[in-house]
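Here the structure is a predicted model, which means the values were calculated and not measured. Excluded from the calculations below are hydrogen atoms, water molecules and symmetry mates; all remaining heavy atoms, backbone and side chain alike, are included. So that the names make sense, note that chain A is the first sequence line, chain B the second, and so on, each numbered from 1.
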Amino acid sequence: VNRERLRRFRMQLLIFLAVLGPGIITANVDNDAGGIYTYSVAGAKFGYSLLWTLLPITVALVVVQEMVARMGVVTGKGLADLIREEYGFRTTFILMMLLLAADLGNTIAEFAGLASGMSVFGVTRYIAVPLGALLVWALVVKGTYRFVEKVFLAACVFYVAYPVSCFLAHPKWPDAVISTLKPSFQFSAGYFYMLTGVVGTTIAPWMQFYLQAAVVEKGIKVKEYIYSRWDVIVGCIITDVVAFFIIVACAATIYMSGNRQINDAGDAALALRPLAGHAASVLFAFGLCNASLFSACILPLATAYYVCEGLGLEAGINKRFHEAPTFYWLYTTLIVLGALAVMLLSEAKQIPIILLSQVANGILLPFVLIFMLRLVNRDDLMGKYKNSRLFNNIAWVTCVVMIALTLLLVVSTFFPNKLPS
Amino acid sequence: MIYFTELEHLPIYGVKGEYLGRLEDLCVDPSQNALRVASYLVKTPKKTIICITHEQMQSLSVRAGQTRVPREEVRCYAPDEGLLKVKKDILDQQIIDVNNRKVVRVNDVDFDIQPTDQHTELRIIGVNVGLAAALRRLLQGLMAKHTVRMITSLFPTKIIPWEFVNLIEPDPQRRIKLRLSYDRVAELHPADIADILEELGRDEQKAVIEGLDEETAAQALSEIPTRMQADLLESISAQKAADIVEEMPPDEAADVLHELSPETSAEVLADMEKDEANEVRELLGFEENTAGALMTTEYVVVHESATVEGAITALKSFEGAIESIHAIHLVDNTAVLTAAVPVGRILLSEASMPLKEIGSDSLISVPSHSDANSVVDLFHKYNLISLPVVDDSGHLLGVVTADDVLELVINKKQFRRRG
């Protein structure tokens with residue numbers, strides 16, 4: 001009996017490993033340059049006190065991501081496709097343009113992250129950014145699928161730099177654990193702004209499109225869905241575990257030191273050097289470069305892919321340039337613009353673009369979440385895989401809270417002084 | 001020519017000029033005329049939907065439409081599954097462009113206005129998938145219709161004539177009501193059908209497979225990745241799946257059954273013809289990535305004493321896919337393989353010639369348990385197009401053909417992204 005059980009377990013493990021990927025890769029791209037910066041600031045400014053948000057965020061992330069993964073497996077169609085079929089061309093077009101704007105901002109943020117990470121190693125942005133852009137472009141266009149997948153998986157493994165860096169910072173573990181489990185609240189504008197930032201950076205509209213497309217692309221069977229769900233859950237947990245270590249590392253060092261001002265994620269790495277040692281600093285910067293390159297690779301590609309899909313244009317790396325011109329132009333333009341913006345514009349001039357991208361995200365998220373919830377509840381589409389009533393209630397509450405927080409983030413970005421303190 | 005985007009929300013008036021409402025959708029009745037718009041659905045100011053038949057329509061233009069009957073004679077709309085609705089069923093949906101062998105998404109539908117003596121008819125010309133149509137969707141309603149026409153005329157347009165449009169309807173009962181058939185898709189090359197299948201969502205894949213005859217379905221399925229094959233077969237009835245698997249070459253059939261869940265696999269095997277099921281069962285017994293798992297059990301074998309005439313008789317009575325037969329295998333009294341004779345040599349020899357004398361000089365075969373890589377090496381080294389597989393005592397078990405080896409090599413080679 002035991003041997004039989006062992007055999008079954010091994011069989012299940014094998015299927016899980018085969019299905020594994022979309023959830024974990026999406027989750028890791030989520031911890032991109034912008035994410036790392038937000039978590040660093042959260043730790044540097046507020047110490048351990050924002051850690052408790054990670055648990056509810058993980059739950060919200062799992063709830064949302066699980067639904068899109070399920071839709072992908074059951075319908076075999078991307079989210080952009082489903083929205084187009086249900087809500088028509090114009091709605092889809094507007095969504096896709098907002099997504100494009102949001103992702104352009106994200107791509108700029110990735111290259112800025114790369115520049116800031118490489119500056120810790122003494123490499124100027126005028127070398128790091130064009131090289132990074134070329135590498136990213138060539139990897140996807142010239143590389144083969146298997147090779148790219150291996151590179152992605154390796155990139156996922158490198159996130160281990162953050163836990164190691166965190167251990168080197170010798171945090172007060174009991175404090176960190178208690179702060180994670182016990183919610184606390186500070187009634188100040190700054191604290192609230194940070195809270196919405198942490199939440200907003202974790203659940204982004206593009207992730208929903210990317211995850212569903214990746215699930216479809218992988219051709220996961222309905223029967224294997226249970227394993228795909230675990231892929232999503234594991235991915236979400238990894239995202240927030242990495243976030244935990246980044247916050248703790250910065251809390252234990254920069255926050256404790258009293259000089260809590262950091263301007264970008266590279267600053268955080270530099271600030272770690274006198275406080276946690278050279279190795280911690282280098283690891284932190286390395287993690288940042290890895291995350292930035294990884295996301296700079298996936299974001300423009302995914303964007304070009306689902307924008308074309310939603311608009312009914314040819315897309316895919318296996319097509320030649322003249323067969324899918326829009327796809328290739330979009331992909332190349334996103335990378336070139338992203339890299340150029342970081343090289344040519346001063347940081348002050350990048351701010352309007354980043355703001356625009358945040359606004360686009362803020363407008364998009366309510367629509368994407370509500371469309372998603374309506375689609376996932378459609379009988380003809382999902383059949384017996386639609387939301388249960390209990391899950392539906394949880395999902396609606398999650399989405400309403402997410403929408404409210406995201407809109408607040410947008411508002412507070414524009415009127416930083418209007419929040420009651 | 002008039003586009004659906006121009007017709008949508010068109011104001012419709014009654015015979016005395018009274019306002020009836022705005023055009024909501026167009027219905028085609030495939031049971032009567034697959035090209036003509038049979039009725040016009042109009043949304044009244046009271047939000048009810050009325051249905052104007054094609055005979056009741058007096059005139060239509062980009063500005064307005066007018067009926068030739070008073071409001072009282074127009075019926076309310078009663079939902080009818082047998083009607084094809086342009087907005088609901090065609091616009092924004094995926095269709096198969098049979099002529100260009102690919103899947104596209106509909107941006108707009110083009111019509112021709114045909115005034116007859118008593119009334120006006122709309123005929124479908126085709127679906128529009130080009131950039132101009134996309135732009136029209138965006139701009140229509142925001143500015144005057146002639147301005148939209150002017151702007152969109154600057155952009156390339158792409159129309160698929162209606163006779164090359166194949167709609168996809170997941171619901172089998174509605175498929176019958178709408179008289180949808182996949183005959184024209186079935187005429188495409190199986191590799192093209194496979195490409196089309198890969199582009200579709202799950203329900204649409206199922207609809208196309210169910211609409212094809214078993215033989216075409218089997219050929220098309222053989223061209224798509226095994227995982228997707230299994231997924232599709234699991235989604236249709238076991239009986240239909242068995243019918244399709246029966247038509248597949250035994251080695252392909254074994255591969256796909258291997259991928260199915262044990263329960264479904266057993267069910268499909270039970271529903272298959274006995275002989276075919278047994279062949280596949282034998283193949284299922286071999287371990288993955290061995291010569292045995294690669295081989296097919298469809299081959300031609302004769303006794304070593306046979307002549308060319310006997311070989312031709314054997315070929316004529318062979319029931320499998322004849323194009324995959326490259327050689328005839330000779331066995332002795334104990335079924336041990338002794339020689340392989342290329343079909344080409346048989347064609348060029350006298351009928352009375354003993355096969356033994358025209359067989360290959362040296363017999364190349366491979367044991368069933370040897371590794372797939374060594375099979376590839378043998379094909380490469382000896383420039384083979386087929387290779388017999390034997391058990392440890394030399395009994396002929398099956399044949400590996402070049403197409404299977406090529407597939408193996410290609411799969412191992414790195415696939416292009418999203419390839």
Side-chain angles (χ1 to χ4, degrees), chain A residues 11 15 18-19 71-78 80-94 97 139-150 213 216-224 301 305 308-319 323 326-327 380-381 383, chain B residues 5 8 87-89 91-95 102-108 128-131 133-142 158 170-171 197-206 224-232 234-235 259-264 411-419:
Chain A
M11 185 79 180
I15 301 176
V19 169
M71 272 201 282
V73 172
V74 175
T75 65
K77 287 181 186 171
D81 280 335
L82 290 180
I83 290 179
R84 166 102 189 249
E85 283 172 16
E86 181 70 17
Y87 300 98
F89 183 81
R90 197 177 285 169
T91 309
T92 315
F93 181 82
I94 295 169
M97 289 305 111
L139 175 71
V140 172
V141 175
K142 304 283 175 201
T144 57
Y145 181 68
R146 289 212 173 172
F147 181 67
V148 171
E149 198 178 60
K150 273 183 198 144
V216 172
E217 185 75 14
K218 188 135 196 183
I220 293 167
K221 299 193 228 167
V222 179
K223 282 195 176 165
E224 293 166 344
L301 179 74
Y305 202 82
C308 285
E309 219 163 46
L311 304 185
L313 301 165
E314 301 268 345
I317 287 293
N318 60 337
K319 303 221 164 63
E323 287 176 315
T326 321
F327 171 75
D380 56 335
L381 222 53
Chain B
T5 46
E8 197 186 8
K87 184 177 178 181
K88 192 169 167 285
D89 296 323
L91 213 59
D92 287 319
Q93 305 300 316
Q94 285 183 316
I95 55 127
K102 58 183 182 183
V103 178
V104 288
R105 212 170 265 284
V106 177
N107 283 341
D108 208 346
N128 217 314
V129 295
L131 194 59
L135 207 59
R136 204 156 48 228
R137 288 291 293 286
L138 275 184
L139 300 179
Q140 207 68 260
L142 303 177
K158 202 170 151 204
D171 179 4
L197 281 174
E198 288 186 46
E199 289 278 309
L200 296 175
R202 214 171 283 280
D203 289 345
E204 286 79 2
Q205 288 177 335
K206 194 177 150 206
I224 64 177
T226 315
R227 278 179 56 85
M228 205 191 265
Q229 285 174 15
D231 201 17
L232 260 172
E234 271 174 359
S235 73
E259 190 76 19
L260 292 178
S261 69
E263 301 87 50
T264 323
N411 279 339
K412 286 215 166 151
K413 249 183 88 170
Q414 298 171 333
F415 247 123
R416 294 284 311 189
R417 192 173 168 79
R418 296 179 190 274

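Counting heavy-atom pairs closer than 4.5 Å to chain A, the top residue among B:N107, B:D203, B:V129 is B:N107. Among B:K88, B:Q94, B:E204, the residue making the largest number of heavy-atom pairs under 4.5 Å with chain A is B:E204.
Looking only at side-chain heavy atoms (C-beta outward), A:L82 and A:Y87 stay at 4.5 Å or farther from each other. Using a 4.5 Å heavy-atom cutoff, the side chains of B:L91 and B:R137 are in contact. Counting heavy atoms from C-beta outward, A:E85 and B:Q93 have side chains that approach closer than 4.5 Å. Inter-residue side-chain proximity for B:M228 and B:L197 is flagged as unmet; no heavy-atom pair is nearer than 4.5 Å.
When heavy atoms are compared at a cutoff of 4.5 Å, B:L200 approaches chain A solely by way of its backbone atoms N, CA, C and O. In this structure, chain A has no heavy atom under 4.5 Å from any part of B:K87. Heavy-atom distances place both the backbone and the side chain of A:F89 under 4.5 Å from chain B. Residue A:V216: no heavy atom, backbone or side chain, is found under 4.5 Å from chain B. Proximity to chain A is absent for every atom of B:L232, based on heavy atoms less than 4.5 angstrom apart. Of the two parts of A:D81, the backbone and the side chain both hold a non-hydrogen atom closer than 4.5 Å to a non-hydrogen atom of chain B. Using a 4.5 Å cut-off between heavy atoms, B:T264 touches chain A through its side chain atoms alone. Only the side chain of B:E234 has a heavy atom closer than 4.5 Å to any heavy atom of chain A.
What you find for B:A230 and B:E259 is that their closest heavy atoms are CB-CG, 3.5 Å.
Under a 4.0 Å N-O distance rule, the pair A:E309/A:R84 does not qualify as a salt bridge.
Without hydrogens or angle criteria, B:R105 side chain to B:D92 main chain gives a donor-acceptor distance under 3.5 Å.
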